[in-house]
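Encoded as C-alpha cells, the structure appears first; notes follow it.
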Amino acid sequence: MNKERALITGASSGIGEAFARTLAARGDDLVLVARSAGKLEALAAELTARHGVRVDVIPADLSHPDAVDGIVAELAARGIAIGTLVNNAGFGTYGDFATLDAARERDEIFVNVAAPVVLTRALLPAMLERGRGAIINVASVAAFQPVPYMATYGATKAFLLSFSEALAEEVRARGVRVVALSPGQTETAFFTGMDEARSPGRARTSEQVVATALRALERGHVVAIDGFANYLLANAARFSPRWVVARITARMFRPSVSP
C-alpha cells in the first residue's frame, strides 16, 4: 500500500516551494498543486531525482469554485491518500478598496478562504478515520490586526487563523494536528508591484518560515508566528484598541499620491 503523502497548494514558488523541498528532503512523498503546470513538473522531476520520492502534480486554479472538487477527484482516481495538507496558496491586493478590481477581490476570497476550507473538509475525515494527520494553514501576521489598504487580504488571513484555532480544538484528541502559520515579510514574490505595502524590518526566508511551521507541528503548537519581531508585532496588536491599530496601520500602508 502506498504511504500517505503531503499535499501542498501554491507549490510552484515561495513558501510552497520551500515546503516541497523541505518535506521531500526528509523523505515525504508529495502532491504539488498550483496554476503553473510547467513549474510543478520541473520541481517534481528535480525532487524525485534528488531525493527518490514520489511526486504527483495537479495543476489547478484555486480561484475557480470547482477547483477543489477537481483536485479531490484526481486524488481518488490516482489512489492517493493525504496525510499532511499544507494550505499555502494565497495572494494579496493593495490599494484603496473602493478602487480595486471587484473580480480580483472575489478571487482573493476564493483562494485564501474558500479553497483551504473546502480542501480541509474533503481530506480531514480520512485523517480522522486513520487517527493521524496534519494540516498547516498559511495565515499571516496580518491576521492579528485590521490592515487598511489590504483590507481583503487581512480579513482572509484573520479568518484562516480563527478557523485553524477552532479546528485544532475540535480534533485535538483525535490524532490530527492543526497549525496556523503566520509569516511576516518574507523573501518571496508576494510584494511584487506593491512595494509600499511592505512591512518594516528585515524579510525572513521561505526556509525559515517552513522550519517555524514544522517545529510548531512537532511541539503541538497551534499558532506559529515566524520570527521574533513578527511575534512582538502580532502580540502588541492584541493588547491595543483595534481602532488605534487600524489608524497606525493605515499610516504605514497608505499609498502615496502621485503629483
Side-chain angles (χ1 to χ4, degrees), residues 1-37 39-60 62 68 71-72 74-75 78-90 115-116 119-120 122-124 126-127 130-140 160 164 168 171 175-183 186-190 204-227:
M1 180 178 180
N2 293 333
K3 66 180 182 179
E4 296 151 24
R5 302 199 195 185
L7 186 151
I8 305 163
T9 66
S12 61
S13 63
I15 294 172
E17 181 181 349
F19 265 112
R21 292 185 180 280
T22 300
L23 295 180
R26 74 179 194 181
D28 291 7
D29 292 337
L30 307 174
V31 176
L32 307 181
V33 176
R35 291 179 301 172
S36 176
K39 289 183 179 179
L40 291 182
E41 294 287 359
L43 179 59
E46 178 190 340
L47 296 180
T48 296
R50 180 172 297 180
H51 303 294
V53 295
R54 299 185 62 177
V55 184
D56 272 53
V57 165
I58 302 179
L62 294 177
V68 172
I71 294 169
V72 173
E74 278 296 315
L75 294 174
R78 302 181 196 187
I80 296 174
I82 300 302
T84 299
L85 170 61
V86 181
N87 284 310
N88 165 74
L119 193 52
T120 298
L123 300 179
L124 178 60
M127 294 182 187
R130 292 190 294 266
R132 62 182 179 273
I135 298 168
I136 299 173
N137 293 320
V138 180
S140 168
L160 206 55
S164 301
V171 302
V176 177
R177 295 162 294 165
V178 180
V179 171
L181 173 63
S182 292
T186 309
E187 293 177 357
T188 69
F190 178 85
R204 302 269 289 174
T205 68
S206 295
E207 291 74 20
Q208 287 174 314
V209 173
V210 171
T212 294
L214 298 181
R215 186 164 54 247
L217 200 61
E218 292 171 359
R219 296 176 179 177
H221 297 170
V222 176
V223 178
I225 301 172
D226 178 61

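Heavy-atom basis, side chains included; hydrogens, waters and symmetry copies ignored. Everything numeric here is computed off the predicted structure, so don't read it as measured data.
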Donor-acceptor list for residues 24-31 side chains, cut-off 3.5 Å, not counting sequence neighbours:
{"residue": "R26", "atom": "NE", "partner": "D28", "partner atom": "OD2", "Å": "3.1"}
{"residue": "R26", "atom": "NH2", "partner": "D28", "partner atom": "OD2", "Å": "3.2"}
{"residue": "D29", "atom": "OD1", "partner": "R54", "partner atom": "N", "Å": "2.9"}

Check: Does the side chain of D56 come within less than 4.5 Å of E74's, by heavy atoms?
Finding: no
Checklist line | Within-4.5 Å side-chain heavy-atom neighbours: N87 and I8 | finding: no
Next item on the list: Work out which heavy atom in A89 is nearest to a heavy atom in L62; give both atom names and the distance.
Entry: CB-CD1, 3.7 Å
Checklist line | Sole candidate of I82, L123, T9, V33 that passes side-chain contact (heavy atoms from CB on, under 4.5 Å) when paired with I71 | finding: V33
Margin query: Which heavy atom of L160 sits nearest to which heavy atom of P116, and what is that distance?
Written below: CD1-CB, 3.9 Å
Item checked: I135 side chain near M127 side chain, heavy-atom distance below 4.5 Å -> yes
Next item on the list: Starting at CG of L214, measure out to OG1 of T84 and round the result to the nearest 0.5 Å.
Entry: 9.0 Å
Item checked: Residues in side-chain contact (heavy atoms from CB on, under 4.5 Å) contact with R21, at least two apart in sequence or another chain -> E17, L43, E46, L47, R50
Next item on the list: Taking all non-hydrogen atoms of both residues into account, name the closest pair between P183 and I15 and its distance.
Entry: CG-CD1, 4.0 Å
Checklist line | Contact check, side chains of L181 and N88, non-hydrogen atoms, under 4.5 Å | finding: no
Check: Rounded to the nearest 0.5 Å, how far apart are CZ of R5 and CG of L23?
Finding: 13.5 Å
Note to self: Do V171 and V178 have side chains that approach each other closer than 4.5 Å (heavy atoms only, starting at C-beta)?
What the structure shows: yes
Notebook entry, point to check: Can you name the nearest heavy-atom pair linking A224 to V179, along with the distance?
Noted result: CB-CG1, 4.0 Å
Check: How close do A81 and R130 get, heavy atom to heavy atom, and via which atoms?
Finding: CB-NH1, 4.0 Å
Check: Which atom pair, heavy atoms only, marks the closest approach of G14 to S206?
Finding: C-OG, 3.5 Å
Next item on the list: Check whether any side-chain heavy atom of L85 lies under 4.5 Å from a side-chain heavy atom of T120, and answer yes or no.
Entry: yes
Item checked: Minimum side-chain heavy-atom gap L7-L32 below 4.5 Å -> no
Next item on the list: Just jot down the side-chain contact (heavy atoms from CB on, under 4.5 Å) partners of E41, sequence neighbours excluded, or say none.
Entry: V57
Note to self: Apply side chain to side chain donor-acceptor pair (under 3.5 Å) to residues D226 and S182 and explain how you reach the verdict.
What the structure shows: CA-CA 6 Å; D226 178 61; S182 292; over 6 Å; no
Next item on the list: Kindly indicate, with the supporting measurements, whether the criterion side chain to side chain donor-acceptor pair (under 3.5 Å) is fulfilled by S164 and N137.
Entry: CA-CA 7 Å; S164 301; N137 293 320; 2.8 Å; yes
Note to self: Treating E218 as the side-chain partner and R215 as the backbone partner, does any N or O pair qualify as donor plus acceptor under 3.5 Å?
What the structure shows: no
Next item on the list: Give the intermediate values and the outcome of side-chain contact (heavy atoms from CB on, under 4.5 Å) for residues I136 and L217.
Entry: CA-CA 8 Å; I136 299 173; L217 200 61; 4.3 Å; yes
